[in-house]
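Beneath this line is the structure, given in structure tokens, with notes to follow.
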Amino acid sequence: MSVVRVPVPAKINLYLGVGPRRGDGYHELTTVYHAIGLYDEITVRRGGTTAITMDGEGEGDVPLDGRNLAVRAVNALAARTGADPRVLLHLRKRIPVAGGLAGGSADAAAALVACDALWRTGLSRPELARIAARIGSDVPFLLYGGTAVGTGRGELVEPVTGGDQVWHWVVAAADGGLSTPAVYAELDRLRDEGLARPPQVIGAELDRLYAALRQDDPVVLGAALHNDLGAAALSLRPSLRDTLDEGLVAGAVAGMVSGSGPSCVFLAADADASERIAERLASSGTCRLTRTATGPVPGASVRVAATVYGGER
Ligand code: C5P
């Protein structure tokens with residue numbers, strides 16, 4: 001294969017329970033990841049050097065050097081397999097670069113899958129997931145997609161078998177980002193002051209979510225969504241409250257901060273409702289842009305050859 005193209009979805013967290021801070025600075029997590037149909041796409045081919053170009057969301061803001069998570073993923077896979085790391089990567093970014101949707105982590109997952117195919121290194125998903133975990137806590141999930149529970153610091157991923165329901169989501173991306181470490185630190189501070197929910201025994205809440213995923217009722221699923229980081233993101237960025245209120249007034253069944261924010265995500269009753277909510281949010285001035293998407297969708301995977309090679313070979 002001379003060119004490999006890999007689309008990769010964004011993620012949201014249907015549930016994000018943050019435990020105590022560990023000795024290594026990370027927090028013990030129990031999270032339910034959910035991949036939604038907003039995609040970045042990475043293209044890789046062999047080159048005389050390792051270089052990355054991009055178009056789309058975040059052009060000019062996303063670093064195009066060794067800090068880029070996709071470049072780190074290429075180097076990590078090359079180090080593990082002995083492959084020649086010189087590849088030309090191109091990123092088509094469509095996932096809003098705003099935080100909370102794991103766009104950078106998605107690109108890293110896509111780069112692992114793409115280079116594994118380009119180099120014919122043939123690693124299994126669990127082997128790729130071990131490399132992915134070193135790049136970031138969310139990266140392993142994006143190799144699998146669907147709906148999955150993440151434990152440890154989020155990197156230990158097990159699929160959640162739901163029904164075959166399609167859920168309709170609206171994403172509202174904020175202007176500018178929020179630093180993930182700062183959001184976790186804010187949660188610790190709020191907890192120390194008794195201002196945020198302390199770590200919980202969450203078995204019953206998770207069971208409620210899993211049961212909701214097997215029913216076909218967005219209201220039931222909406223009531224089971226939860227994000228411990230929401231309070232911290234709202235504390236650092238109080239204007240997110242306006243975004244959340246606006247989405248609910250527009251008819252969303254539920255709304256919450258996505259991951260560590262500042263993106264917000266809303267559950268809609270159906271496709272029409274999601275379009276209406278997205279339009280109203282977009283014109284409300286409470287967010288930078290909105291997108292609709294359904295979930296769950298599969299994770300990073302090589303596009304079939306017929307599409308990959310259209311005129312490029
Ligand atoms: O793993 P990742 O690089 O995405 O994490 C970014 C930062 O988020 C970490 O450096 C840490 O401050 C915080 N984090 C955490 N606990 C987790 C995941 C992330 O405290 N489980």
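Whatever order the structure lists them in is the order used to number ligands and atoms, beginning at 1.
- Residues forming a side-chain contact (heavy atoms from CB on, under 4.5 Å) with A73 (at least two apart in sequence, or on another chain): A108, A111, L112, I135.
- A donor-acceptor contact closer than 3.5 angstrom is absent between the side chains of D272 and H168.
- Under the rule for a side-chain contact (heavy atoms from CB on, under 4.5 Å), S283 has no partner lying at least two apart in sequence or in another chain.
- Every ring pair (Phe, Tyr, Trp, His ring centres under 6.0 Å) that Y184 has, sequence neighbours left out, goes to H27.
- Protein residues with a heavy atom under 4.0 Å from ligand 1 are G25, Y26, H27, L29, G136, S137, R153, T180, P181, Y184.
- Using the six-membered ring where Trp is involved, Y15 and H226 have ring planes that are tilted, between 30° and 60° apart.
- Between L29 and V18 the shortest side-chain heavy-atom distance falls below 4.5 Å.
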